[in-house]
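Both backbone and side-chain heavy atoms feed into the values below; hydrogens, waters and symmetry mates do not.
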Amino acid sequence: MRRFLRNIRTLFITSWFPMTVQQSTFKNEFLKKWQNSLEYTLSVATQMPEDSYGYQPSHLMRSFGEQIVHIGMAITYLSQSALSLKHIDYKGDIQDKEAVITYLKQQYIKVSNAVVALPASDFEQTKVFWAGRMTRRKILNITFDHITHHRAQAIVYLRMQSIVPPTYISW
C-alpha cells in the first residue's frame with residue numbers, strides 16, 4: 001500500500017510539474033525574444049541614414065520610415081487585444097529618424113511592461129481578436145510574425161541602398 005501511495009504521489013507531481021513549467025516558460029521566453037526583437041529592429045532602423053528614411057523602392061510601397069513606423073504602430077494595435085494597452089498612432093514626421101526610433105522603442109516597452117505585469121497563467125486565456133477568439137499567447141505570436149515580416153522588408157530597403165544590414169539576432 002505504501003508503494004502504491006508513493007507511486008500515486010510521484011505521478012501527481014510529475015504530471016503537474018510540466019504544466020506549471022510550460023505556463024511560466026512562455027512569459028520568460030517571450031520577454032527574452034521580445035528584447036532580441038527590439039534590439040534587432042532598432043539595429044535595422046539605425047542602419048538607414050536619416051536622409052534615406054523617405055526612400056521608397058516604388059510608389060506602391062511604404063517608405064523606409066513608414067515601414068518602421070508601421071512596425072511600431074502594429075505592435076500595440078495587435079497586442080491591445082491580448083494586453084491592457086492603449087494603441088497610440090504615430091503623429092510625427094516619417095523622415096525624422098530620431099522621432100521614429102523613439103516611437104518604436106516606446107511601443108516595444110509598452111508591450112514588455114504589460115507582459116511583465118500579467119500573471120503567467122493568463123497567457124492561455126482567450127480574448128476577442130479581429131481574426132476570432134484566440135489565446136493571448138497566440139495573439140502575441142502573431143505580433144512577432146508581423147514584426148518579422150516588415151523588418152525583413154526594411155532589410156531589403158537597406159540592401160537596395162547598398163547598406164549591409166545588421167547581423168541577425170534570434171532567440
Side-chain angles (χ1 to χ4, degrees), residues 22-48 53-58 60-159 165-171:
Q22 183 180 8
Q23 289 173 351
S24 65
T25 301
F26 173 78
K27 182 175 179 175
N28 295 335
E29 286 179 355
F30 176 89
L31 290 169
K32 174 66 174 157
K33 186 177 177 186
W34 194 250
Q35 181 62 37
N36 288 342
S37 177
L38 167 62
E39 289 176 26
Y40 189 32
T41 307
L42 287 175
S43 293
V44 171
T46 57
Q47 286 291 107
M48 184 67 87
Y53 258 58
Y55 172 70
Q56 197 174 358
S58 158
L60 300 173
M61 300 168 73
R62 290 182 177 101
S63 69
F64 183 85
E66 289 170 331
Q67 285 287 6
I68 302 303
V69 166
H70 179 74
I71 292 169
M73 287 177 61
I75 285 172
T76 56
Y77 177 76
L78 293 170
S79 299
Q80 70 184 344
S81 296
L83 307 166
S84 297
L85 293 176
K86 183 178 180 196
H87 171 68
I88 298 172
D89 287 330
Y90 180 74
K91 304 228 188 294
D93 180 358
I94 294 292
Q95 295 185 46
D96 182 342
K97 180 177 177 176
E98 185 178 334
V100 168
I101 289 173
T102 298
Y103 175 76
L104 179 68
K105 285 181 195 175
Q106 289 170 344
Q107 300 298 84
Y108 266 98
I109 290 167
K110 282 181 198 173
V111 169
S112 182
N113 290 342
V115 167
V116 166
L118 195 66
S121 59
D122 288 3
F123 290 101
E124 296 308 313
Q125 291 177 345
T126 58
K127 303 298 276 180
V128 174
F129 188 58
W130 57 267
R133 288 192 66 80
M134 295 182 190
T135 63
R136 287 179 166 155
R137 176 183 43 78
K138 188 170 184 178
I139 295 167
L140 292 171
N141 283 328
I142 289 168
T143 304
F144 268 124
D145 287 346
H146 188 266
I147 292 166
T148 301
H149 172 75
H150 289 286
R151 184 178 54 224
Q153 290 176 328
I155 289 169
V156 170
Y157 287 26
L158 289 175
R159 291 190 183 279
T167 304
Y168 176 67
I169 300 173
S170 65
W171 288 80

Legend entry - Rounded distance [0.5 Å steps], CZ in F144 versus CD1 in I75: 9.5 Å
Inset, instruction - Could you tell me which non-hydrogen atom of T76 sits nearest to which non-hydrogen atom of K86, and how far apart they are? - result: CB-O, 4.4 Å
Legend entry - Residues in ring-ring contact (aromatic ring centres under 6.0 Å, His included) contact with F129, at least two apart in sequence or another chain: none
Inset, instruction - Kindly write out the residues that satisfy side chain to side chain contact (heavy atoms under 4.5 Å, CB included) with T167, not counting sequence neighbours, or none if the list is empty. - result: none
Legend entry - F64 CZ to Y157 OH distance, which is reported to the nearest 0.5 Å: 9.5 Å
Show every donor-acceptor pair shorter than 3.5 Å between a side-chain atom in residues 98-106 and any protein atom, with sequence neighbours excluded, or say none if there are none.
residue, atom, partner, partner atom, Å
T102, OG1, E98, O, 2.9
Y103, OH, I88, O, 2.6
Y103, OH, Q107, NE2, 3.3

Inset, instruction - Identify, with sequence neighbours excluded, every residue that meets side chain to side chain contact (heavy atoms under 4.5 Å, CB included) alongside P165. - result: I155, L158, R159
Legend entry - Set of residues satisfying ring-ring contact (aromatic ring centres under 6.0 Å, His included) with respect to H87, sequence neighbours excluded: Y77
Inset, instruction - Could you tell me the separation between the CG atom of L83 and the NZ atom of K110, rounded to the nearest 0.5 Å? - result: 12.5 Å
Inset, instruction - For residues Q125 and T135, determine if any side-chain heavy atom of one lies less than 4.5 Å from a side-chain heavy atom of the other. - result: no
Inset, instruction - Just jot down the side chain to side chain donor-acceptor pair (under 3.5 Å) partners of Q47, sequence neighbours excluded, or say none. - result: none
Inset, instruction - Quick one: closest heavy-atom pair of M48 and Y53, and the distance? - result: O-CE1, 3.6 Å
Legend entry - All salt bridge (Lys or Arg N to Asp or Glu O under 4.0 Å) counterparts of R136, not counting sequence neighbours: D122
Legend entry - Interatomic distance, W130 atom CH2 to S81 atom OG [nearest 0.5 angstrom]: 9.5 Å
Inset, instruction - Return yes if some donor-acceptor pair links the side-chain N/O of T46 with the main-chain N/O of S43 below 3.5 Å, else return no. - result: yes
Legend entry - Non-neighbouring partners of T148 that pass side chain to side chain contact (heavy atoms under 4.5 Å, CB included), sequence neighbours left out: R151
Legend entry - Nearest-0.5 Å distance, CG of residue N36 to OG1 of residue T41: 10.0 Å
Legend entry - Minimum heavy-atom distance K27-V115, with the two atoms named: CE-O, 3.1 Å
Inset, instruction - Please state whether the rings of W34 and Y108 are parallel, tilted or perpendicular, taking 30° and 60° as the class boundaries. - result: tilted
Legend entry - Gap between atom OG of S79 and atom CD1 of I142 - 0.5 Å precision: 10.0 Å
Inset, instruction - Any salt bridge (Lys or Arg N to Asp or Glu O under 4.0 Å) involving residues 137-150? Give me the pairs, sequence neighbours left out, ordered by first then second residue. - result: E124-R137
Inset, instruction - Mind checking side chain to side chain contact (heavy atoms under 4.5 Å, CB included) for H150 and listing every partner two or more places apart, or none if nothing turns up? - result: R62, Q67, H70, I71, H146, Q153
